Amino acid sequence: MKKYDPKKIEGRWQKKWQSEKTFVTKDSGAKEKYILVEFPYPSGAGLHMGHMRPYMAGDISAKYWRLKGYNTMYPIGWDAFGLPAENYAIKNKVHPEVSTKKNIANAKRQLASWGTGFDWSREINTTDPDYYKWTQKIFLEFLKAGLAYEATGLINWCPKDKTGLANEEVIDGKCERCGSEVEKKELRQWYLKITDYAEKLLEGLKDLPEWPEAVKLQQANWIGKSEGAEIDFYLNFKKDPKVNENRGPDGKAAHIPVFTTRPDTIFGATYLVLSPEHLWVTLATDDKHDVLENKEEVKKYIENVKGKSDIERTALGKEKTGVELKGVKAINPATGEEIPMFIADYVLAGYGTGAIMAVPAHDERDYDFAKKFDLPIRQVVAEHFVDINTPPREGKRHAPRVVVQGIVRNTKNNTVLQIVWKKFPWKTFVIGGAEDGESLEDAVKREVFEETGYKNFSSIRKIGSEMRSEWYAEHKDENRYAHMHVYELILENDEHEEISGKEKEKHEIAWVPFDSISTSFKPVSEMPAILAGLNKKEAGVFAESGILINSGKFSEKNSEEVKKDIVEFVGGKIVTKYKLRDWVFSRQRYWGEPIPVIHCDKCGIVPVPEKDLPVKLPKVKNYEPTGTGESPLAAIEKWVNVKCPSCEQKKKETKYLVFDFDGVLGDTWEAHLHARVNMGDSPDLKDAVAKAEKYFETKPWHSRGEKYDESIHIDWSTRFAKELAKLEYDLFTDFLKEIGKIKNAKVAIVSAGSKIYSEAPIKKAKFKHTHFLGMEDHHSKEEKLEMIAEAWKVDVTELYYFTDTKADVYELENLLNRKKIIGCAWGYAGEEKLKQVLPENQILKKFKDIHKVFEPGKAKRETNTMPQWAGSSWYWLRYTDPKNKKEFADQKKQKYWTPVDLYFGGMEHTTLHLLYSRFWNLFLHDRGLVTAKEPYMKRVPHGIILGPDGEKMSKSRGNVVNPDDIIALYGADTVRVYMAFLGPHGAQVAWNDKGIIGARRFLERVFAMKEFISKNEDKNVTTLLHKTIKKVGEDVEAFSFNTAISSMMIFVNTVFESKKITKKSFEIFLIILSAFAPHLSEEIWKELGHKKTIFTEKWPTFDPKLLVSDTVKMVVQINGKVRAEIEVGASAEEKEIVEKALSEPKIGEYLEGKEIRKTIVVKGKIVNFVV
RNA sequence: GGGCGAGUGGCGGAAUUGGUAUACGCGCCAGUCUUAGGAACUGGUCCCGUAAGGGUUAAGGGUUCGAGUCCCUUCUCGCCCACCA
């Protein structure tokens, strides 16, 4: 007999599946399944045993569904951008592309060596420009939709490596690579506005019934929706009361909105806390404001906080720190009280409004802070108890009472005083009512004395906080509503007096051990709270809902029920907040998708035109981060400096120019003077002034405001203008020439001066223009510009507007495109004044400068790259159409394949990859680019495989198991079977070589089973085969691979016992085994005479009739204990079963002399006699 | 601190979902074969007890005719989040 030798057969079948395209899928077929597994990162170390688990689970599932007759796609690719490749490049000076290629080849070999049935024709790679072209394209979609934006933000910064770190590279506040403490640094970043999709992402979870609850819950928690209220707290400025007067007409200018989920506790808000980064604080501490008495102290605290790392700031059990904002008070809108304001780093700037109302009595953090800063703590919610033994009755008198309870302790023998009531079944502490005007402490002391006679106490303290307790008091026929106060009194000495006869009639006293209070006192509904209070040194914090107290008209109401009313009462509004933050979408790294954006100093952010995609990563010599936090790409000038596509486009377009020069065609002295001086055709200022003065010596100067009649004015201005224009025109001839040189220009003139005197000289200069709007057109400047734009049929923001006055800029900046307002420095205002309103590159100093306006701007590429999550956020779409050059995936193909039916992956991706890709998909779906609303119908998480030492497999721990070695030793089929057998797919298991021999033995037995082929087989073999078909099918669908293997083992063991199996049965068994051990199954299949691959076969159906036997074994129990076993017909009636059970001799023995009180029959399972 | 999950032989684990606890495999013990070792095969293997029988699913309590499974309390471990108002 041939021996089972996997080495001889496995490679051969792997090649054959490749060459015959056994697992390549077409985009058509009646029934389809899309089975996906998270694609791997091809690391230099290769795939370890732990990585293989999801691929195997996917492979078994894919093979199963294929056999079930589904057109099953099981694709694979490479998530190959990322830090390890870049770090490797830095160390070894090897281009990441080179090492990545090598690593992919290795990983591919590894995956194939397991006998996986991936469809390699659909292989993708995120670093392939043909792939990341579409990643970039999707980014541009986000940009277009306004969901991608730039902002400066605090990022994680490693001071040693001088580089920004992604969140996932920060482990416990330390750099993953060098272990140094991570700092915060402000850097320009790209963000994706995932927060816009918070609600949709949360809602979408409802459409995913087949996702594990744990995964959905984690996502929901991550999104962190909470309903609360935003309430304004108005301020009262003490240091500078004038500020209060400067409030708006309604007196409501200075206020701070706070966010709270407990508006019901507002009456207990005794101070306000702002985060150190709060905008109000920033303003209050700047140079322009002077409202704080301790500005320097506050500034110092802010500085201090800024320098702190996250671990310092959030260190476990860290003492609260903060500083009061002196000189200003807030007004509690519920009580009208003035309360102090603080800044403290326990309030986060990024959540809610960055400010809180502090309620120390009902919030642990506020309590800690209040204790430290000695701030008032006011209880406003009382815990509520209703006695379940004697609950309040309807229609009875409501009798509120202030009630005190005294717990009198003798610490010498550790006992506590108990009141034993004579007329009622009560054992209580000292209990009684407080009288009018009496303090609570006095009341409790008095009650103790009256009821017990004891009078000397070494200490007395309040236990817990005030409570509300309700019960029906039968002896008074009323519903008691107690304002309950509990005190602990430590007895100083035994001295006591006789109690009155009246009291004696009611009760007697007893000393009971302190440790037994929980059982020896009855009935006290508030006992749990008392016990908890006794154990604590302080009153503590009650953070739940209850009955409101000290809350004005809301007192004695249920805090939950009046929440909304209180919000309304203080003029707040109900709001929803999310913990989800926008996604920091840039990395200062080389090995990632370049963000396809160009920064132009004229146009700002310009998306790279689609035709220019992909923006390919350039080759560089150095991959080291620059140290400034910029990507290494920033150093590649050739790549970074580009023509601005927007400016290039504009070159070809018609330019719409409007000139508005007071200095040229206007009528002011200054204009003239400036013009001369600035133009530089006078040798010096003195000369220019002298010339001008001389010129105007004999002429009146109308702008001095003398009165004149209109005819004189016209006459005067005509003469004035003629002269002036003549003079100035000489000076501006050159400028007009320059304007003439501009290609594709349409020109208009708006003049503050008169058409009468200006038009003629312009005509004379043969200056071509379409409009000339002087002061005869009685329109405002805005209107004039709008008229011109309308005539040119362009938007008014298309106009370039040239002016020489500051006022025009002010007037028109909201109408026009700011970037197209150009100042001319030789005119009225001059360079210095123009600089106050325009950036320097929008000011012309010389005529010739006008061409700079139309020159393309200086443009640089964005040098940040995308994070590793980018490529994986949409890869599942690309598999449906991996070669498409026109779009990322054809919609027909998407519709055929998507959504993904089964998605295998790790739990660690729940809140990152899984949420990110849902976000991308929802967005693309909204843009009409994707057909499926949710990408993954069923998520199948796996438990991680630990190393043999029970620790997570990692190179540094040295416990990595290399699958190559194990395969070489036992063969791929054995490893597959063993991995499946290890444990349930969802559970974490430790890899242990010890048991693998069992899997090998099992396969060897299957191999040897050929010897048992015969014409017939035992009936139990046939029956078991059908049971096994059913079981394995069910188990694969439930991912219980371990029990599937075990049931196949049982089948093989059974065949070995009878040593007979028909060829047909053996073949059926091979088909179900083939999903787990593909090579072996194929090999035997071939040896049995089959020409075609086993994977074109159909999964066998089981015969349900065979599964039901005629008789069933049942267990007979007496009082739940098994006493006998009986065999009855499958359809036996209850009566028959009971009779049979009673006839069992053993049962008879047990039942002798006993009476059967009850008989329970569960058909096919048990009979139970209760005696 | 919060959320989620788990705890069953020497080990990995099973239990038709409330109905014979410990399937299947590893390991171990005994035997067969063999010069020997290994492999293979046969039998045994939760604990106490010679046996009859009794006990046992982290510990304790509860519901039930019946609990590994449901409920409560406590302990231990794992994962995720963590000053989120």
Side-chain angles (χ1 to χ4, degrees), chain A residues 212-215 217-218 220-222 224-226 228-229 258-263 265 269 273 275 313-318 320 344-348 350-359 362-366 368-369 543 577-581 907-908 910-911 941 943-944 946 950 952 977-978 981-984 986-999 1001-1002 1004-1005 1008 1030-1031 1034 1040 1042-1053 1056 1113-1125 1156-1171:
Chain A
E213 285 306 314
V215 172
L217 202 73
Q218 250 186 58
N221 286 344
W222 189 261
K225 181 178 183 174
S226 67
V258 305
F259 175 70
T260 178
T261 54
R262 293 294 303 273
T265 62
V273 191
S275 71
R313 246 182 109 152
T314 63
L316 204 72
K318 196 199 89 167
K320 295 271 179 294
D345 65 356
Y346 83 93
V347 173
L348 306 175
Y351 185 73
T353 60
I356 59 154
M357 60 176 209
V359 186
H362 304 290
D363 182 286
E364 199 78 47
R365 295 152 299 182
D366 297 343
D368 292 344
F369 191 85
K577 298 277 178 195
Y578 301 88
K579 284 184 203 165
L580 190 68
R581 294 278 82 99
M907 207 59 200
E908 70 274 20
T910 300
T911 47
I944 52 170
L946 305 170
K952 214 171 168 177
V977 167
Y978 184 54
F981 188 58
L982 265 181
Q988 146 185 321
V989 288
W991 176 267
N992 195 335
D993 290 356
K994 273 190 192 160
I996 196 169
I997 188 69
R1001 280 178 196 152
F1002 164 63
E1004 274 172 5
R1005 289 175 143 223
K1030 181 168 185 275
K1031 174 82 175 139
E1034 283 168 357
S1040 304
N1042 53 335
T1043 47
I1045 300 284
S1046 118
S1047 64
M1048 285 188 285
M1049 284 174 169
I1050 292 168
F1051 177 74
V1052 171
N1053 290 348
F1056 264 67
K1113 277 184 185 167
M1114 282 180 67
V1115 163
V1116 185
Q1117 295 179 333
I1118 291 167
N1119 283 347
K1121 291 229 181 287
V1122 180
R1123 296 302 179 192
E1125 209 170 77
I1156 299 171
R1157 283 164 54 194
K1158 200 171 172 185
T1159 305
I1160 294 125
V1161 179
V1162 182
K1163 271 191 194 171
K1165 293 205 168 111
I1166 58 141
V1167 184
N1168 189 13
F1169 297 110
V1170 185
V1171 296

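A, B, ... follow the sequence lines: proteins, then strands. Residue 1 opens every chain. From a predicted model like this one, the values you see are computed outputs, not experimental measurements.
- Residue contacts shown for A:V347 include a base, since a base heavy atom lies under 4.0 Å away.
- Classified by its glycosidic torsion, B:rU20 falls in the anti category, the angle being over 90° from 0.
- Comparing B:rC33 with B:rG78, their C1' atoms are spaced 48 Å from each other, to the whole Å.
- A:D345 places its CG atom 17 Å from the P atom of B:rA85, with the value rounded to the nearest Å.
- Across all strands, A:L217 comes closer than 4.0 Å only to sugar-phosphate atoms, never to a base (heavy-atom distances).
- Distance noted for atom P between B:rA40 and B:rC48: 30 Å (whole Å).
- The closest side-chain heavy-atom distance from A:I356 to A:D366 is below 4.5 Å.
- Taken to the nearest 0.5 Å, the CD1 atom of A:I1156 stands 10.5 Å off from the CG atom of A:N1168.
- In this structure, A:K320 forms a cation-pi arrangement with A:Y346, its terminal cationic atom sitting closer than 6.0 Å to the ring centre and no more than 45° off the ring axis.
- Nearest to the side chain of A:L982, among B:rC83, B:rA85, B:rG12, sits B:rG12.
- As rounded to the nearest Å, B:rU20 and B:rG68 have P atoms that lie 10 Å from one another.
- Taking atom CG of residue A:L946 and atom P of nucleotide B:rC77, one finds them 16 Å apart after rounding to whole Å.
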Given protein heavy atoms under 4.0 Å, the one-letter contact record of nucleotides 17-25 of chain B, with B base, S sugar-phosphate only and - none, is simply --BB--BBS

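- Computed from coordinates, the A:N992 CG to B:rG13 P distance equals 11 Å when rounded to whole Å.
- Put simply, OG on A:S1046 and NZ on A:K1031 are 7.0 Å apart, with the number rounded to the nearest 0.5 Å.
- Taking the P atom of each, B:rU69 and B:rG62 are spaced 14 Å apart, rounded to whole Å.
- In this model, the phosphate group of B:rG53 is not approached by any side-chain N or O of A:R1123 to a distance below 4.0 Å at OP1 or OP2.
- Expressed to the nearest 0.5 Å, how far OH of A:Y978 lies from CZ of A:F1002 amounts to 15.0 Å.
- Atom CG in A:D368 sits about 13 Å away from atom P in B:rG1, given to the nearest Å.
- The base of B:rC11 does not come close enough to the side chain of A:K994 for any donor and acceptor atom to sit less than 3.5 Å apart.
- Atom NZ of A:K952 is separated from atom C1' of B:rC80 by 11 Å (rounded to the nearest Å).
- Of the nucleotides present, none pairs with B:rU34 by Watson-Crick or G-U wobble criteria with both distances under 3.5 Å.
- B:rA58 and B:rU8 have their C1' atoms separated by 10 Å, with the value rounded to a whole Å.
- We find that CZ of A:F1002 is positioned 14 Å from P of B:rC41, with the value rounded to whole Å.
- Among the protein residues, A:K577 comes within range of no part of the nucleic acid, since none of its heavy atoms lies under 4.0 Å from any strand.
- Looking only at distances, a side-chain donor or acceptor of A:R581 sits under 3.5 Å from a matching main-chain atom of A:G350.
- More than 12 heavy-atom neighbours from other residues, nucleotides or ligands sit within 6.0 angstrom of NZ on A:K225.
- Within the model, atoms CZ of A:F1169 and CD1 of A:I1160 stand 10.0 Å from one another, a figure rounded to the nearest 0.5 Å.
- Taking atom P on both nucleotides, B:rU56 is separated from B:rG44 by 26 Å, rounded to a whole Å.
- Residues satisfying the side chain to side chain donor-acceptor pair (under 3.5 Å) test with A:N1053, not counting sequence neighbours, are A:R1005.
- Atom CG in A:D993 sits roughly 16 Å away from atom P in B:rG12 (whole-Å rounding).
- The same atom, C1', is picked in B:rA36 and in B:rG27; the two are 24 Å apart, to the nearest Å.
- Residue contacts for A:T911: at a heavy-atom cut-off of 4.0 Å it reaches no nucleic acid atom on any strand shown.
- One C1' atom belongs to B:rA59, the other to B:rG7, and the distance between them is 12 Å to the nearest Å.
- RNA chain B is contacted by both A:F1056 and A:Y346; A:F1056 maps to the nucleotide lying nearer its 5′ end (nearest heavy atom per residue).
- Nucleic acid contact class of A:K579 (heavy atoms, under 4.0 Å, all strands): base.
- Whole-Å rounding puts the A:Q218 CD to B:rC4 C1' distance at 8 Å.
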